[in-house]
Amino acid sequence: FTSVFGRGSPPSYIDLGNFVQLLKRETRSSAVTRAADQVLAALNASIVAERHGSKKSGATGMSIYFPNSRLFQHPAAGPQSYTTVANRFAADSLWDDFLTYHYTGRQFDPALGTISAPGKDTPVAAPGAGQIMVSAIKLSDDVAAPGEPIHVSADIDGENIGYILFFTGYLDEASNSIFVADMDYLESADTREVDGVYYPDWGEGAFELEFEWEPLMYGIDDGRGAELALFKPETYGAAPENAVYTVDGVYTYADGGETRSARLYFSDGELQQVFSFSGDGATGAPREIVTSPGDTFTILEQWMDMDSSGRVSGIAMQDGGTVAFGDQPLAWVELDAAPGQYIIGFIVQDLDGNSYPVYEKVTVR
């Protein structure tokens, strides 16, 4: 479930049982269905024990390496490193051969069972990419205020559309940077479900995406007051209240002052879990933190620096407000957006992890 390459890259492992269930649902081939049933039977015979919480529906107890096309081409994440780290598995299985076929189209003989690590110059395709077209944003007004929303829309066309996010950023013209204030899932009219895992279904063909935007921010309330926080979409839900959002920051223990890179997990307005990470920037292995009164969490703010042409030239993280753990659980609260210039827009993602963003400038008064 965790991306060892950081939040900027999707997790390079998937749940094998859930993947096979998806194949069974999507295929019209009786041969694929029979093979899928054999895999599920082998999993059932192999997994000694498995347990997962309600927020990890679809977990079956065994994960397998499946990077997107960008990670497949990366020397630290692609088959060259994978077949070295997992040499015995690559030699004994056809999984590396399958991934090479999936991304390069190179055929393989199952009887040979050779290790497959295509060269760095091998052309790589992206079956999950969508070549998505997103029109310029149309606004009902370019001025909004709390309690006075505006209508935002765009036309979208393409294949393999995954999640669509709404982006809100405060434009600091003095520093020529954007404070990332909010990112949120947009719901499709239909939702698909496999083993308790939910996916948006945007239908077939072109469509118009519409959203009513009210300038609201979000914060974390610890009972003493609220601190502004960026809640990032983590897991899509059957309904908005079932989705999971996370906040990145630094956890400090009251006993000794030790700090950890950490992440808060929220659902339905309440804190569900806190995880620390062995690496910097929420990378590496996660470990759940049992909070104690007096422990604190310093929220990390995300800023997008721009060059003279208005393009994003870098991402900077800096400390924001701090909340404390006590007798009252941390809660997610709405806050009115401060007056000023904002950048809002849609971020359309395809199934290979590529983003197709469109933005427009608005004024909040």
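Under the 4.5 Å side-chain contact rule for hydrophobic residues, Val194 and Val39 do not share a cluster. Linking Ile, Leu, Val, Met, Phe, Trp and Tyr residues whenever their side-chain heavy atoms come within less than 4.5 Å leaves Phe179 and Met306 in two separate clusters. Both Ile347 and Ile178 are assigned to one and the same hydrophobic cluster, defined by single-linkage of ILVMFWY side chains at heavy-atom distances under 4.5 Å. No single ILVMFWY cluster, assembled from side-chain heavy atoms under 4.5 Å apart, contains both Leu335 and Ile220. Under the 4.5 Å side-chain heavy-atom criterion for grouping Ile, Leu, Val, Met, Phe, Trp and Tyr, Ile344 is connected to Ile156 within one hydrophobic cluster.
Using bins of under 30°, 30° to 60° and over 60° for the plane-to-plane angle, the ring pair Trp95/Phe19 lands in the perpendicular bin. A perpendicular orientation is assigned to the rings of Phe346 and Phe166, their planes being inclined by more than 60° (bins at 30° and 60°). Between Tyr170 and Tyr342, the ring planes lie perpendicular to each other; the angle is over 60°, past the 30° to 60° tilted range. Ring orientation note: the planes of Tyr103 and Phe72 are tilted relative to one another, at an angle of 30° to 60°.
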- Message: Would Asp96 and Tyr65 count as a side-chain hydrogen bond (donor to acceptor under 3.5 Å, both in side chains) here? Give the steps.
- Response: CA-CA 9 Å; Asp96 52 317; Tyr65 164 77; over 6 Å; no
- Message: Could you walk me through whether Asp352 and Arg70 satisfy the salt bridge (Lys or Arg N to Asp or Glu O under 4.0 Å) test, starting with their C-alpha distance in whole Å, then the side-chain angles of each, then the deciding distance to 0.1 Å, before giving a yes or no?
- Response: CA-CA 8 Å; Asp352 192 50; Arg70 181 167 58 85; over 6 Å; no
- Message: The test is side-chain hydrogen bond (donor to acceptor under 3.5 Å, both in side chains); show your working for Thr298 and Thr322 and say whether it passes.
- Response: CA-CA 4 Å; Thr298 300; Thr322 297; 2.9 Å; yes
- Pair Thr60-Asp15, side-chain hydrogen bond (donor to acceptor under 3.5 Å, both in side chains): steps then yes or no: CA-CA 7 Å; Thr60 63; Asp15 185 274; 2.8 Å; yes
- Query: For Thr363 and Gln341, what are the C-alpha separation, side-chain angles and deciding distance, and is it a side-chain hydrogen bond (donor to acceptor under 3.5 Å, both in side chains)?
  - Reply: CA-CA 5 Å; Thr363 300; Gln341 298 294 311; 3.0 Å; yes
- Task: Would you sort out whether Ile164 and Phe211 count as a side chain to side chain contact (heavy atoms under 4.5 Å, CB included), showing the intermediate values?
- Result: CA-CA 11 Å; Ile164 301 180; Phe211 182 67; over 6 Å; no
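With values rounded to the nearest 0.5 angstrom, Glu258 atom CD is found 11.0 Å from Asp295 atom CG. With values rounded to the nearest 0.5 angstrom, Thr252 atom OG1 is found 10.5 Å from Arg260 atom CZ. Between the OH atom of Tyr236 and the OH atom of Tyr199 there is a distance of 12.5 Å, given to the nearest 0.5 Å. We find the CE-CG distance between Met304 and Leu171 to be 11.0 Å, quoted to the nearest 0.5 Å. For the atom pair CD1 (Ile137) and CG (Asp155), the distance works out to 11.5 Å, reported to the nearest 0.5 Å. Rounding to the nearest 0.5 Å gives a distance of 7.5 Å between OG of Ser175 and CG of Asp305.
By the 4.5 Å heavy-atom criterion applied to side chains, Glu334 and Tyr218 are counted as neighbours. At least one side-chain heavy atom of Ile64 sits under 4.5 Å from a side-chain heavy atom of Phe89. Taking 4.5 Å as the limit, some side-chain heavy atom of Phe167 sits within range of a side-chain heavy atom of Val180. Residues Thr122 and Arg106 have side chains not in contact (no heavy-atom distance under 4.5 Å, counting atoms from C-beta outward). Between Gln302 and Asp248 the shortest side-chain heavy-atom distance does not fall below 4.5 Å. In this structure, Lys232 and Leu165 have side chains that are not in contact, with every pair of non-hydrogen atoms separated by 4.5 Å or more. In this structure, the side chains of Pro75 and Gln80 stay at 4.5 Å or more apart for every pair of heavy atoms. Between Asp201 and Thr191, the closest side-chain pair of non-hydrogen atoms is not below 4.5 Å.
Listed for the Asp141 side chain is no donor-acceptor partner under 3.5 Å among the backbone atoms of Ile150. Put simply, the side chain of Glu227 never gets that close to the backbone of Val323: no donor and acceptor are under 3.5 Å apart. No donor-acceptor distance shorter than 3.5 angstrom exists from the side chain of Asp37 to the backbone of Arg34, with no hydrogens or angles considered. Between the side chain of Asp350 and the main chain of Glu159, no donor-acceptor pair closer than 3.5 Å is present. Here the side chain of Asp142 pairs no donor or acceptor atom with the backbone of Val362 at under 3.5 angstrom. A donor-acceptor pair is defined here as one N or O able to donate and one able to accept, closer than 3.5 Å; no such pair exists between the side chain of Ser188 and the backbone of Pro200. In this structure, the side chain of Thr27 does not engage the main chain of Leu23 through any donor-acceptor pair within 3.5 Å. No side-chain donor-acceptor contact under 3.5 Å links Ser355 to the backbone of Gln349. No donor-acceptor pair under 3.5 Å is formed between the side chain of Asp97 and the backbone N or O of Ser116. Judged by distance alone, the side chain of Glu193 and the main-chain N or O of Gly196 form a donor-acceptor pair under 3.5 Å.
With ring centers used as reference points, Phe66 lies 6.0 Å or more from Tyr13. Between Tyr253 and Tyr251, the distance separating the two ring centers is shorter than 6.0 angstrom.
Counted within 6.0 Å of CD on Glu208, heavy atoms from surrounding residues, nucleotides or ligands total more than 12; the atom is thus considered enclosed. The 12-atom threshold is exceeded at CZ of Phe98, counting heavy atoms of other residues, nucleotides or ligands nearer than 6.0 Å. The environment of CG in Asp255 is sparse: at most 12 heavy-atom neighbours from other residues, nucleotides or ligands sit within 6.0 Å. The environment of Met317 atom CE is dense: over 12 non-hydrogen atoms of other residues, nucleotides or ligands sit within 6.0 angstrom. In Glu241, the CD atom is crowded: over 12 heavy atoms of neighbouring residues, nucleotides or ligands sit closer than 6.0 Å. For CZ of Arg287, the number of neighbouring non-hydrogen atoms (other residues, nucleotides, ligands) closer than 6.0 Å is 12 at most.
Closest non-hydrogen pair, Leu330 versus Asp222, comes out as CD2-CB, 3.5 Å. Considering all non-hydrogen atoms of both residues, Ala144 and Trp213 come closest at CB-CZ3, 4.0 Å. Shown here for Val244 and Tyr185, the closest heavy-atom pair between the two residues is O-CE1, 4.4 Å. Taking every heavy atom of both residues into account, Ala126 and Ser69 meet most closely at CB-OG, 3.6 Å. When all heavy atoms of Gly130 and Asn160 are compared, the pair lying nearest together is CA-CB, 4.3 Å. Pro286 approaches Phe277 most closely through the heavy-atom pair CB-CE2, 3.7 Å.
Every ring-ring contact (aromatic ring centres under 6.0 Å, His included) that Phe207 has, sequence neighbours left out, goes to Trp202.
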